[in-house]
Structure formats: C-alpha cells, structure tokens
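Both backbone and side-chain heavy atoms feed into the values below; hydrogens, waters and symmetry mates do not.
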Amino acid sequence: MTEVNAITALNMAQADMGAAIKNQKNSYLGNSYADLTAVQEAVFDAFAAHGFAITQEGGRDDFGQYMDT
C-alpha cells in the first residue's frame with residue numbers, strides 16, 4: 001500500500017467508524033470515558049474493512065517497559 005493509498009484508506013476507515021461509547025466513570029474526577037474495549041469496538045471493523053491491522057509490540061527502554069500499538 002502506497003502512502004497516498006494508505007491515507008485514502010484511513011480516511012475511508014474513519015468515515016466508517018462509530019463513536020467510542022463512554023462506558024466507564026472516573027470515580028476521582030467524576031467524568032466518563034471510553035475504555036479500551038469500547039475504542040476497539042468502534043475501530044476494529046472499519047480498520048479491517050480497509051486493509052489495516054492493529055498490532056502491539058512490547059519492549060523496554062531507559063524509562064521502563066512499554067507497549068507500542
């Protein structure tokens with residue numbers, strides 16, 4: 001996929017995505033937020049339909065452990 005094709009596909013995927021439903025409540029601040037599952041439900045189908053995959057890779061650097069998504 002060329003960079004131009006990827007940008008076009010990302011735009012189409014974003015157009016197909018629904019909103020992430022705010023399904024959790026922050027007990028300290030009192031605000032609502034969408035947890036990771038809600039975000040995944042909002043984006044996975046649209047990404048897959050347009051040729052994208054979401055991957056994760058863990059590692060460690062000078063600041064400690066991390067996860068790249």
Indicate yes or no: at least one non-hydrogen side-chain atom of [X] is less than 4.5 angstrom from one of [Y].
X	Y	value
Thr37	Asn23	no
Phe47	Met17	yes
Thr55	Thr69	no
Asp68	Gln56	no
Tyr33	Lys22	no

Provide the closest heavy-atom pair for [X] versus [Y] in the form atom of the first, atom of the second, distance.
X	Y	value
Ala20	Ala34	CB-CB, 3.8 Å
Ala42	Gly18	CB-O, 3.6 Å
Gly30	Lys25	O-NZ, 2.9 Å

Review point. For the side chain of Asp61 and the backbone of Gly64, is there at least one donor-acceptor N/O pair under 3.5 Å apart?
Key: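 Answer holds: yes.
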Check your understanding: To the nearest 0.5 Å, what is the distance between CD (Glu3) and CG (Leu10)?
Key ->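 Here the rounded value is 11.5 Å.
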Practice item. Measure the spacing between NE2 of His50 and CG of Asp16 and express it to the nearest 0.5 Å. Key: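 Between His50 NE2 and Asp16 CG, I get 3.5 Å after rounding to 0.5 Å.
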Practice item. Classify the side-chain pair Thr2/Asn5 by whether it contains a donor and acceptor separated by less than 3.5 Å. Key: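 There is such a pair between these side chains.
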Point to revise | Flag if over 12 foreign heavy atoms under 6.0 Å of CG, Asn11 | key: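 Yes, enclosed.
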